[in-house]
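Input: a single structure, listed below in structure tokens.
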Amino acid sequence: MGMYAALGKMEITHKLFDEMPERDVVSWNGLISSYAGHGSFDDAITVFKRMSKESNLKPDESTIVSTLSACSALKNLEVGEGIHRYVVVTEFEMSVKIGNALVDMFCKCGRIDEGRELFERSPVKDVVLWTAMMNGYVQFNRFDEALELFRCMQTDGIRPDNFVLVSLLKGCAQTGALEQGKWIHGYIDENRVTVDRVVGTALVDMYAKCGCIESALEVFYETKERDTASWTSLIYGLTMNGMSGRAMDLYYEMESVGVRLDDITFVAVLTACNHCGFVEEGRRVFYSMTKVHKIQPKAEHYSCLIDLLSRAGLLEEAEEVIDEMRNESDESLVPLYCSLLSAAHTFVRMGI
DNA sequence: GTAGGGTTAG
């Protein structure tokens with residue numbers, strides 16, 4: 001079972017699990033943590049619930065941590081709180097890992113202040129705990145508190161690692177805090193922090209969102225490790241800084257170099273087309289999603305295309321595109337009709 | 001166990 005789980009063959013793993021004559025904590029945990037590890041968070045939680053119902057076994061540390069991580073990812077506060085109660089009631093040994101996972105779960109579910117309470121009560125505060133707490137503040141637009149926490153962390157003698165720096169850079173990008181962002185960049189250089197693809201992307205994004213597109217370009221070209229997200233953040237950044245032509249160049253370069261494109265890349269590229277009114281190119285890009293890249297366009301892609309067509313005055317074509325998505329729910333069609341109508345409205349106002 | 005990239009309209 002372990003072997004299949006490691007290979008990600010979850011169907012076989014689950015089947016073997018069901019066929020087992022007896023199951024101990026280790027086998028339940030094996031199934032839960034491999035589901036969580038492969039991103040099947042729903043399944044992880046389902047199995048956890050089944051374990052509580054069907055067996056008299058008590059979950060161990062690793063089962064609790066895996067399930068909590070699934071709760072974090074799915075923002076499932078109900079199950080997360082249940083586990084918290086279980087830990088309190090049974091006086092389960094609150095290990096560092098469990099404490100960290102609980103704080104992370106509360107923060108991701110938006111219960112920042114509850115997370116902070118647990119954070120304060122935690123006798124051991126490692127860098128993971130500090131990061132989880134800082135992420136919570138950043139995620140919910142409380143960047144000041146994240147910065148304050150960062151200062152406390154340094155006073156406590158904890159060295160910031162990549163995770164901490166990325167979290168802060170994201171906060172800078174969100175709030176346009178260029179000076180803080182530059183300071184972090186300086187810290188990275190001075191302390192020889194490895195600029196991996198995640199740090200690189202966070203820097204590019206921070207500079208672009210703070211309006212320093214030149215610095216964003218510089219970081220991008222200096223960073224050796226680049227992936228889909230790095231390219232996408234620059235494409236989007238160029239667009240937001242009024243350089244959509246250059247964003248398109250980057251997109252063509254990305255294709256020719258052979259970097260994988262994903263759905264977010266296409267949102268960025270279609271947005272670039274929209275900004276400079278490249279109808280022909282936008283159409284081509286949109287249809288290449290399915291034909292070349294085997295990516296199923298989502299509502300946001302249709303939305304970009306419809307917007308592009310409507311603004312160009314091609315209202316009938318835009319309507320045809322909406323008709324193409326008839327199989328979608330009515331709810332998801334609403335924003336599409338909105339862009340169509342708003343474009344139509346503009347034309348009416350202009351007397352066209 | 002903790003990090004990065006997401007359209008549009010009003």
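Atom set for the values below is all heavy atoms of this structure, side chains included, hydrogens, waters and symmetry mates excluded. Naming convention: chains lettered A, B, ... in sequence-line order (proteins, then strands); numbering from 1 in each chain. Note that the coordinates shown come from a computational prediction; the quantities given were computed from them, not determined experimentally.
- Scanning atom types as modelled, one donor and one acceptor separated by under 3.5 angstrom connect the side chain of Asp262(A) and the base of dG5(B).
- For DNA chain B, the residues of residues 155-174 of chain A within the heavy-atom distance limit of 4.0 Å (strictly under) are Asn162(A), Phe163(A), Val166(A), Lys170(A), sorted by number.
- Side chains of Tyr251(A) and Phe266(A) form a contact here, defined as non-hydrogen atoms less than 4.5 Å apart.
- Side-chain atoms of Leu129(A) and Ser122(A), non-hydrogen and from C-beta on, do get closer than 4.5 Å to each other.
- What separates CZ of Phe266(A) from P of dG5(B) is a distance of 20 Å, to the nearest Å.
- When the nucleotides dA3(B), dG4(B), dT7(B) are ranked by their closest atom to the side chain of Asp196(A), dA3(B) comes out on top.
- Closest to the side chain of Asp104(A), out of dT2(B), dG4(B), dG5(B), is dT2(B).
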Please list, one pair per line, the donor and acceptor atoms closer than 3.5 Å that link side chains of residues 102-112 of chain A to other protein atoms, with sequence neighbours excluded.
unit_1: Asp104(A); atom_1: OD1; unit_2: Lys108(A); atom_2: NZ; d: 2.9
unit_1: Asp104(A); atom_1: OD2; unit_2: Ser72(A); atom_2: OG; d: 3.1
unit_1: Asp104(A); atom_1: OD2; unit_2: Lys108(A); atom_2: NZ; d: 3.2
unit_1: Arg111(A); atom_1: NH1; unit_2: Glu114(A); atom_2: OE2; d: 2.8

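- The distance between atom CG of Leu203(A) and atom C1' of dG5(B), rounded to the nearest whole Å, is 13 Å.
- Looking at heavy atoms from C-beta onward, Ile64(A) lies in side-chain contact with Tyr86(A) at the 4.5 angstrom threshold.
- In terms of phosphate contacts, Arg311(A) brings a side-chain nitrogen or oxygen within less than 4.0 Å of OP1 or OP2 of dA9(B).
- Taking only side-chain nitrogens and oxygens, Asn135(A) comes nearer than 4.0 Å to OP1 or OP2 of dA3(B).
- At the heavy-atom level, Asp126(A) lies under 4.0 Å from base atoms of the strands shown.
- Donor-acceptor pairing under 3.5 Å, judged by distance alone, is absent between the side chain of Thr271(A) and the base of dT7(B).
- For the pair Phe92(A) and Lys58(A), the minimum side-chain heavy-atom distance is 4.5 Å or more.
- Within the nucleic acid shown, Asn274(A) has no heavy atom closer than 4.0 Å to any nucleic acid atom.
- What separates OH of Tyr302(A) from C1' of dT7(B) is a distance of 15 Å, to the nearest Å.
- A salt bridge links Arg116(A) with Glu120(A); the closest basic N to acidic carboxylate O contact falls under 4.0 Å.
- A donor N or O paired with an acceptor N or O is found under 3.5 Å between the base of dG4(B) and the side-chain atoms of Thr201(A).
- Residue contacts shown for Lys209(A) are limited to sugar-phosphate atoms, with no base heavy atom under 4.0 Å away.
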